[in-house]
Amino acid sequence: MIKTVYPKGRLVAKTGNEVMAEAMRQIEPDVVAAYPITPATEIVQIFSQFVADGIVKSEYVAVESEHSAMSATIAASAAGARAMTGTSSQGLSLMWEMLYIASGLRLPIVMAEVNRAISAPINIHGDQSDTMGARDAGWIQIYSENSQEAYDNMIQATKIAEKAKLPVLVTTDGFIISHCMEVVETYPDEDVKNFIGEYKPDRYLLDTKRPYTLGSIDLQDYYFEHRWQLAQAMRDAKDIVLEVAKDFENTFGRKYDLYEKFMMDDAEIAVVVIGSTAGTAKVVIKELREKGIKAGLIKIRVFRPFPAETIVKDLANVKAIAVMDRSDSCSGTYAPVYSDVVSALYAAGITGPKAINYVYGLGGREINTEHIAAIYDKLGKIASGAEKAFTGIEYVNVRF
Amino acid sequence: MENNNCKIKLSASELPIGDIVEAGTAQNFITGDWRSERPVWNKDKCIHCLACWISCPDSSVKIAPDEKKITVITGIDYDHCKGCGICAKECPVKIKAITMEEEKK
């Protein structure tokens, strides 16, 4: 019996990986097909132990690669099973072509994803290049600030995926969350099971009474309509995410939104960030607020679908914004989160705030309170007109 | 989606999501219309060995039980036969109940 099983739910000290495995145990999907990869290894390792010990009834498929892991998960989901997998970095990259098939076939797969740098050079540490590379794959992307959020997001993701008929990936920052121990409140098995409910697919391939063909050829006749449906499903998913968050709050008492606003009501300078760095930024903001500096933070939780319409309202009255990206598109212009935020502002006709782009923390490079304080300092100067806003990307803590 | 000849195409809101298509739609696909040679079956020569039926890649050799409930060849489904000639090739040499003839439009 593994020590990480707490059927009645309680406050426990757990790493991000342990708590994601714990969520998977409570969800008890019908099928999990996965291949271990650092730093996500422990998630499926612990889960496979649950299967071996008979703690869960799930079928565990030990595959020979991540491409097979995604393929087997897709097959299980199409057959009518509640199916899950977990991966990171190169593993997600190897799933690439299958990611599009999962979303194109509208299969409600849930993936535990641990953000890690992409080779080359080889690096096993945390940055968001992997999932940002998969941002156009038609998967809902939910990012976690800490282990508690990772646990809560996994539970919500199951419900979101099945309502939206879209695959969902839930991420944690590699090593920063995946391997660091924090106190997490877990919920009783029964409550989690009641919350997610029983999975009843509309149609499934093992239903011999209503046979159908899945994944047939579309060509010019129907492909465009199907892709529109997928794009529309992603737009519609915003309401579903909020609806599930509301249910979650009513059941477990924790409030979630598409993104989190921290001290934004009267903020003059703001940082937009995704993942664990939001926690570091919050510490800086509290210090700045004591000095009377009106600093705020927007932490994007749901990156796909991107909450463009509402995020612009919260940024409209800010004088200067820094968008922090933990990945670089190598696009010759800007990083992905900045591009989304700025295009959302421009589309809404908001040109007041000066928006600048920082890339930080690639390959697990340290990002501490001093770095973030320096960013707010720069924002303050830009807001007051003492300094000009820079164009191009500013790289935090890199040696030139 | 009835078949590929359907004149009115479904819109994005009418189309089943996730590329779901009802089973057995291949029957409605008339795939035999690009045949250059057609197999012609001679009922009188046929010994009903079913070699052509088992070899046909398009299930285009039609079979049915006769009055004694023995499975016999009844003809060729020209809607789906692509004229590959396997049936004629597989027909026993001494019998030659199927011959390939040039397709006339």
Side-chain angles (χ1 to χ4, degrees), chain A residues 73-80 83 98-109 137-140 161-167 201-237 240, chain B residues 1-39 50 53-65 69 71 74 76-87 103 105:
Chain A
T73 310
I74 288 167
S77 183
M98 302 312 293
L99 293 178
Y100 283 75
I101 291 170
S103 59
L105 298 181
R106 306 290 301 278
L107 300 171
I109 292 163
W139 281 60
I140 292 174
E162 285 160 18
K163 281 192 175 201
K165 295 192 173 70
L166 282 175
D202 295 340
R203 291 196 86 165
Y204 53 100
L205 286 174
L206 289 184
D207 184 355
T208 51
K209 284 177 189 150
R210 289 175 73 208
Y212 71 101
T213 303
L214 190 67
S216 55
I217 194 164
D218 253 7
L219 302 187
Q220 300 97 322
D221 279 351
Y222 289 109
Y223 181 84
F224 204 165
E225 280 73 20
H226 273 130
R227 296 313 284 187
W228 179 88
Q229 286 182 340
L230 180 60
Q232 187 58 36
M234 191 58 88
R235 286 184 279 267
D236 295 343
I240 292 169
Chain B
M1 281 174 283
E2 281 179 5
N3 60 50
N4 71 324
N5 297 325
C6 180
K7 291 277 182 278
I8 303 154
K9 308 237 162 155
L10 297 176
S11 70
S13 54
E14 296 162 331
L15 200 60
I17 68 157
D19 201 9
I20 286 175
V21 178
E22 293 308 313
T25 52
Q27 273 192 342
N28 302 326
F29 247 100
I30 309 301
T31 47
D33 56 0
W34 42 276
R35 183 172 56 237
S36 62
E37 284 189 314
R38 65 158 54 205
L50 303 182
W53 170 76
I54 206 166
S55 308
C56 179
D58 288 305
S59 305
S60 293
V61 177
K62 294 194 277 190
I63 52 166
K69 295 194 175 166
T71 303
T74 59
I76 297 197
D77 168 12
Y78 289 111
D79 281 349
H80 299 96
C81 167
K82 299 192 186 77
C84 69
I86 292 175
C87 53
E103 182 67 55
K105 291 286 168 191

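All values reported here derive from a predicted model rather than from experimental measurement. Throughout, protein chains are lettered first and strands after them, A, B, ... in sequence-line order, and every chain is numbered starting at 1.
The shortest side-chain heavy-atom distance between B:K9 and A:D221 falls under the 4.5 Å cut-off.
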- Take A:H226 and B:L15 through the test side-chain contact (heavy atoms from CB on, under 4.5 Å) and record every step on the way to the result. CA-CA 8 Å; A:H226 273 130; B:L15 200 60; 3.5 Å; yes
Step by step, would you call A:L214 with B:I20 a side-chain contact (heavy atoms from CB on, under 4.5 Å)? CA-CA 5 Å; A:L214 190 67; B:I20 286 175; 3.7 Å; yes
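Under a cut-off of 6.0 angstrom, the local environment of CD1 in A:I217 is sparse, with at most 12 non-hydrogen atoms contributed by other residues, nucleotides or ligands. Within a 6.0 Å sphere centred on CD of B:Q27, other residues, nucleotides and ligands contribute 12 heavy atoms or fewer.
Nearest heavy atoms, B:A23 versus A:P211: CB-O, 3.5 Å. The two residues B:L10 and A:Y222 have their closest heavy-atom pair at N-OH, 3.4 Å.
In terms of heavy-atom pairs under 4.5 angstrom with chain B, the leader among A:R106, A:E225, A:Q232, A:Q229 is A:Q229.
Interface remark: A:R203 contributes side-chain atoms only to the contact with chain B (heavy atom separation under 4.5 Å).
Partners of A:K163 under the side chain to side chain donor-acceptor pair (under 3.5 Å) rule, at least two apart in sequence or in another chain, are A:E243.
When atom types are taken as modelled, the side chain of B:D19 and the backbone of A:S216 share a donor-acceptor pair closer than 3.5 angstrom.
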